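The structure under discussion appears below in the form of C-alpha cells.
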Amino acid sequence: MILKEEVSTFKGKKILKAGGYGEIDHSRLVNHVVKDFKTWGKHFLVCFNKYTLRIHFGLFGSYAINEKRKGRNPSLSLQFNNGSLFCYIAHTKFIEEKLEDIYDWSLDMLSPKWNPAKVKSLLKKMPGDQQIGDVLLNPDIFSGVGNIIRNEVLYRCRVHPESLLEAIPAKKVTEIIQQTHIYSLDFLKWKKQDELKKRWEVYGKRTCPKGHTVTKQYTGKTKRRSFICETCVKEYMT
DNA sequence: ACGGTTGTTAGGCC
DNA sequence: AGGCCTAACAACCG
C-alpha cells in the first residue's frame, strides 16, 4: 500500500491533534504515540499500544498528506509535529483485539507472508457452485483484490468470470491464484509509476489486445462490472 | 452536468 | 445462529 510508505515519517510520533466528522473517540488518539502502520488487504491500520484504529477508504475514499484539500471535509485528520494525514470518506473504527487474532496475513496479497497453499486450501473448503468472479472479490480469501485486478487476472488467465469454481481444472485455479498475486504486485508498481491505466487489457476497454470486442456485463452476486472478451476466455460450467 | 463507481461493513430480515 | 441482502458513503471522473 502506497499510503503506508507515505506515512512512515509519522511512525513513532505522537498525535498532537485529531479531528474529522468520524464518530470515534479522539481522546484515544491525541497524545498517543503511533507504534506502527500496517495494512491487511484494503484495511489501513494505525497501531497504538493497546488498540488499533482501522481505516477503510471504501469505494469513494481518498487521502492527503500535509495539505488539506479545500472545500472538503475530512472524516479523520491526524496532526503530528512533522506533518498531517487527512482521510476523506474513510470509515474509522477502533479494534481492541490482537491483530493476529483477526487478520491472517497469509491471505494478504501484498504481505511477504502471503501463501498460495493457504488460499488453495480455503478454496477447497468452499461451495463449488460459486462463480470465480465472486470468489476473487472475497476479501477473506483474496485480501486486497478489487474489481480491476479481478477483471485483468481473469482475462489474462482466459477464464470467464461466471465460471463455476468446481468446474475449473485444478491447474487453472492454481494459475489464477498465482496470477492474482503477480498482478497485485504489478498493480502497486504501475500505480506508483502512474501507468496503471495504460496496462489495462480489458478493464474499461471496448476491445481486447487481440482486437476482439469486449462486452461490459454486471456479473455475480455483487453485480460488479465485468469486462469480457467472449472470444478469448473460456466459460467453465458443469 | 450528471450518472456511475477502484469496496467493505453494518444492520436488518428471514 | 447464521446466511443473505442492501444501504451507506457524499467525492471523483469522464
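Keep in mind it's a predicted model, so treat the numbers as computed, not measured. Just so it is clear: chains get the letters A, B, ... in the order the sequence lines come, proteins before strands, and each one is counted from 1.
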Between C:dC4 (P) and A:Asp134 (CG): distance, integer Å
11 Å
Could you tell me how the ring of A:His43 sits relative to the ring of A:His56: parallel (under 30°), tilted (30 to 60°) or perpendicular (over 60°)?
perpendicular
Could you go through residues 105-116 of chain A and list every donor-acceptor pair under 3.5 Å that involves a side-chain atom there, pairing it with any protein atom two or more places apart or in another chain?
residue  : atom : partner  : partner atom : Å
A:Trp105 : NE1  : A:Thr39  : O            : 2.8
A:Ser106 : OG   : A:Asp104 : OD1          : 2.6
A:Ser106 : OG   : A:Asp104 : OD2          : 3.3
A:Asp108 : OD1  : A:Gly41  : N            : 3.3
A:Asp108 : OD1  : A:Leu110 : N            : 3.3
A:Ser111 : OG   : A:Trp105 : O            : 3.4
A:Ser111 : OG   : A:Lys113 : N            : 2.9
A:Asn115 : OD1  : A:Ala117 : N            : 3.0

Return the nucleotide paired to C:dC5: Watson-Crick means purine N1 to pyrimidine N3 with N6-O4 or O6-N4, wobble means G-U with N1-O2 and O6-N3, both under 3.5 Å.
B:dG11
Any chain of hydrophobic side-chain contacts (each under 4.5 Å) joining A:Phe37 to A:Ile15?
yes
Specify whether A:Tyr203 and A:Trp200 have parallel, tilted or perpendicular ring planes, treating 30° as the upper limit for parallel and 60° as the lower limit for perpendicular.
perpendicular
Between B:dT9 and C:dA11, how far is it from one P atom to the other, in whole Å?
22 Å
Whole angstrom is fine here: how far is it from CD in A:Gln130 over to C1' in C:dC4?
13 Å
Any Lys/Arg nitrogen of A:Lys189 or A:Asp186 sitting under 4.0 Å from an Asp/Glu carboxylate oxygen of the other?
yes
Closest-nucleotide 5' rank along DNA chain C - winner of A:Arg69 and A:Lys221:
A:Lys221
Using a 4.0 Å heavy-atom cut-off to protein, can you give one letter per nucleotide of nucleotides 5-14 of chain B, 5' to 3': B if the base is in contact, S if only the sugar-phosphate is, - if neither?
BSBSSS----
Determine the interplanar angle of the A:Phe57 and A:Phe44 rings, folded into 0 to 90°, and report it as parallel if under 30°, tilted if 30 to 60°, perpendicular if over 60°.
tilted
